[in-house]
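Written out below as structure tokens is the structure these notes cover.
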There are 2 protein chains.
Amino acid sequence: MRKRPRQARSKQMVATLIEATARCIVANGLDGTTTPRIAELAGVSVGSLYQYFEDKEALIDALVADRAAGIARGLRQLPVDTAGNLRDMVGGAIRYGFALLSAGDGLYVELIKNWHRMPTDKVADVLQQHFLELARVWFLRHYREYPIENLQVRIFIIVNSTLFTMVRLIADDHPLLPQSDVAEGLTDMIVQYLAVPS
Amino acid sequence: MRKRPRQARSKQMVATLIEATARCIVANGLDGTTTPRIAELAGVSVGSLYQYFEDKEALIDALVADRAAGIARGLRQLPVDTAGNLRDMVGGAIRYGFALLSAGDGLYVELIKNWHRMPTDKVADVLQQHFLELARVWFLRHYREYPIENLQVRIFIIVNSTLFTMVRLIADDHPLLPQSDVAEGLTDMIVQYLAVPS
DNA sequence: CCATAATGCGAAGATGTATTCGCATTCAAT
DNA sequence: ATTGAATGCGAATACATCTTCGCATTATGG
């Protein structure tokens with residue numbers, strides 16, 4: 001951030017700009033998101049934007065960081081029963097994922113579509129770490145011993161598979177397959193993949 | 001195409017432009033690919049480009065169509081043994097996929113990264129249809145009866161999961177996980193998912 | 001209340017890209 | 001060889017975006 005906000009109104013401005021960025025991406029897509037448009041949506045001048053953000057990228061990074069923090073918070077508060085059966089846990093996570101991606105008028109979908117030019121690692125790592133830890137706990141409880149090495153590969157595959165399959169489905173204007181079927185399919189696939197002790 | 005090529009040199013020009021586009025994308029990324037740069041790489045003027053292609057998009061579409069045709073050809077010639085075991089078939093396909101993505105200096109990876117602003121369906125449908133048909137044949141041979149409805153969902157999930165997991169891994173500059181491990185993991189996951197008759 | 005710093009402004013500058021158009025060159029058929 | 005069509009050219013046009021800078025407005029502390 002170019003200038004540290006000292007007064008209350010400038011803190012407000014930073015928040016307003018980040019939210020305007022989100023709305024602009026939703027309304028115009030990432031490519032159609034320009035600094036004048038963001039400023040207009042924020043009800044603010046372009047100059048003010050550059051008072052607090054080095055450039056457009058910094059603004060978008062701030063948005064991603066904000067949402068990533070939100071998602072991390074949501075994941076931690078997601079009720080999990082590490083004593084329960086695997087299928088319920090996975091199924092719950094899948095449903096949570098679909099709900100999240102469908103929320104925010106498609107902001108997340110647009111961000112993930114453009115993962116390669118965004119600080120994707122911030123978010124992907126959050127998911128990766130969360131589910132890795134979750135799986136670790138679950139397996140320790142149920143099997144005592146488990147090849148942890150292999151678990152990283154499995155979680156990497158599962159997280160990426162799920163994320164992009166979901167996005168591909170949601171981004172499709174005329175999806176041939178119902179979301180519920182794909183959710184069930186993903187759940188089946190993941191549970192079976194995790195269940196086999198290699 | 002704006003003008004149908006009548007003379008030999010113009011056919012050559014179309015081919016040269018398409019190949020230059022491929023090289024430009026490899027060298028500069030899709031965003032860094034501009035019509036002047038393509039023309040320069042082709043050793044041709046910008047004007048000539050617009051003689052044969054309505055706009056930049058048409059040129060890129062032509063490139064995608066060309067490669068999609070090539071991939072379709074490659075898939076058909078891929079030796080498959082529908083009498084053999086499932087794991088060998090899936091493993092072979094995965095290896096073929098990794099080889100394809102690693103080839104062409106990263107052209108395919110760059111194209112898939114930007115799937116959402118490309119005629120992705122052209123390629124995705126090719127893969128979808130190919131593996132759907134392949135799976136159908138295999139299952140008819142081995143089980144006689146199989147819930148075909150469900151098979152579409154499974155193939156959708158498998159194709160997208162595999163494609164994007166591969167791309168995510170290859171696009172990572174410092175991959176934590178070795179490609180061979182991920183390939184094996186994907187194979188395991190797919191085989192198990194397909195093997196369970198639902 | 002005043003002085004100073006912080007904040008807000010938006011037209012203008014700098015850059016870059018897609019596309020066109022009039023003219024030059026080459027081909028192919030007679 | 002000639003002529004009309006096809007092809008090739010690239011400077012110029014049109015447009016859009018990011019970013020800056022000098023000035024106006026607002027807040028804060030003494």
Side-chain angles (χ1 to χ4, degrees), chain A residues 1-64 110-111 114 117-119, chain B residues 1-64 110-111 114 117-119:
Chain A
M1 199 157 310
R2 177 163 287 187
K3 188 186 291 185
R4 219 173 312 140
R6 296 160 192 275
Q7 306 179 354
R9 60 174 168 162
S10 60
K11 281 199 206 312
Q12 179 57 44
M13 165 129 293
V14 168
T16 302
L17 282 170
I18 290 177
E19 287 317 305
T21 304
R23 275 183 292 136
C24 192
I25 291 174
V26 167
N28 308 95
L30 189 65
D31 286 318
T33 293
T34 70
T35 42
R37 259 205 265 263
I38 292 171
E40 191 191 343
L41 278 175
V44 144
S45 91
V46 219
S48 303
L49 190 159
Y50 283 92
Q51 203 96 36
Y52 299 100
F53 296 95
E54 187 66 32
D55 50 25
K56 195 174 71 160
E57 194 188 329
L59 184 48
I60 292 175
D61 284 1
L63 169 63
V64 172
E110 182 68 17
L111 292 180
N114 295 278
R117 33 181 184 167
M118 310 260 295
Chain B
M1 200 157 308
R2 176 163 288 188
K3 189 185 289 184
R4 219 173 312 141
R6 296 158 192 277
Q7 307 180 355
R9 60 171 168 165
S10 59
K11 281 199 207 311
Q12 180 57 44
M13 163 129 289
V14 168
T16 302
L17 282 170
I18 289 177
E19 287 319 305
T21 304
R23 275 182 292 136
C24 191
I25 290 174
V26 167
N28 309 95
L30 189 65
D31 286 319
T33 293
T34 69
T35 44
R37 259 206 263 263
I38 293 171
E40 191 190 343
L41 277 176
V44 143
S45 90
V46 219
S48 302
L49 190 160
Y50 283 91
Q51 203 96 39
Y52 297 100
F53 296 96
E54 187 65 35
D55 50 25
K56 193 173 74 160
E57 193 189 329
L59 184 48
I60 292 175
D61 284 1
L63 169 64
V64 172
E110 182 68 18
L111 292 179
N114 295 278
R117 34 181 183 166
M118 312 257 297

Contact residues, residues 18-44 of chain B to DNA chain D [heavy atom, < 4.0 Å]: B/Val44
Show your working on side chain to side chain contact (heavy atoms under 4.5 Å, CB included) between A/Thr35 and A/Tyr50 and close with a plain yes or no. CA-CA 9 Å; A/Thr35 42; A/Tyr50 283 92; 3.4 Å; yes
Per A/Ser45 side chain, nearest of listed nucleotides C/dG8, C/dG10, D/dT7: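 Ranking C/dG8, C/dG10, D/dT7 by closest atom to the A/Ser45 side chain puts C/dG10 first.
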Of the nucleotides D/dT7, C/dT7, D/dT20, which has the atom closest to the A/Tyr52 side chain? C/dT7
Closest-nucleotide mapping onto DNA chain C: is B/Glu54 or B/Arg9 further toward the 5' terminus? I mean the 5' end.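 Upstream on the strand: B/Glu54.
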Is there a side-chain contact between A/Tyr50 and the phosphate of D/dT20, meaning an N or O under 4.0 Å from OP1 or OP2? no
Kindly say if A/Ser10 contacts the phosphate of C/dT7, meaning a side-chain N or O under 4.0 Å from OP1 or OP2. yes
Could you tell me how far apart [X] ([atom1]) and [N] ([atom2]) are, to the nearest whole angstrom?
X	N	atom1	atom2	result
B/Lys56	C/dG16	NZ	P	15 Å
B/Phe53	D/dT7	CZ	C1'	15 Å
A/Gln51	C/dA5	CD	P	15 Å
A/Leu17	C/dT7	CG	P	13 Å
A/Lys11	D/dT28	NZ	P	12 Å
B/Met13	D/dC9	CE	C1'	10 Å
A/Leu49	D/dT20	CG	P	11 Å
A/Leu59	D/dT17	CG	C1'	15 Å

With a 3.5 Å cut-off and just heavy-atom distances, do the side chain of B/Ser48 and the base of D/dG8 make a donor-acceptor pair? no
State, to 0.1 Å, how close A/Pro119 and A/Val64 come at their nearest heavy-atom pair, and which atoms those are.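 Nearest heavy atoms, A/Pro119 then A/Val64: CG-CG1, 4.0 Å.
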What are the two closest non-hydrogen atoms of A/Ser10 and A/Tyr52, and how far apart are they?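 The pair with the smallest heavy-atom distance is CB-OH, 3.0 Å.
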Check: A/Arg37 side chain, A/Gly32 main-chain N or O, donor-acceptor pair, under 3.5 Å: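 Answer holds: yes.
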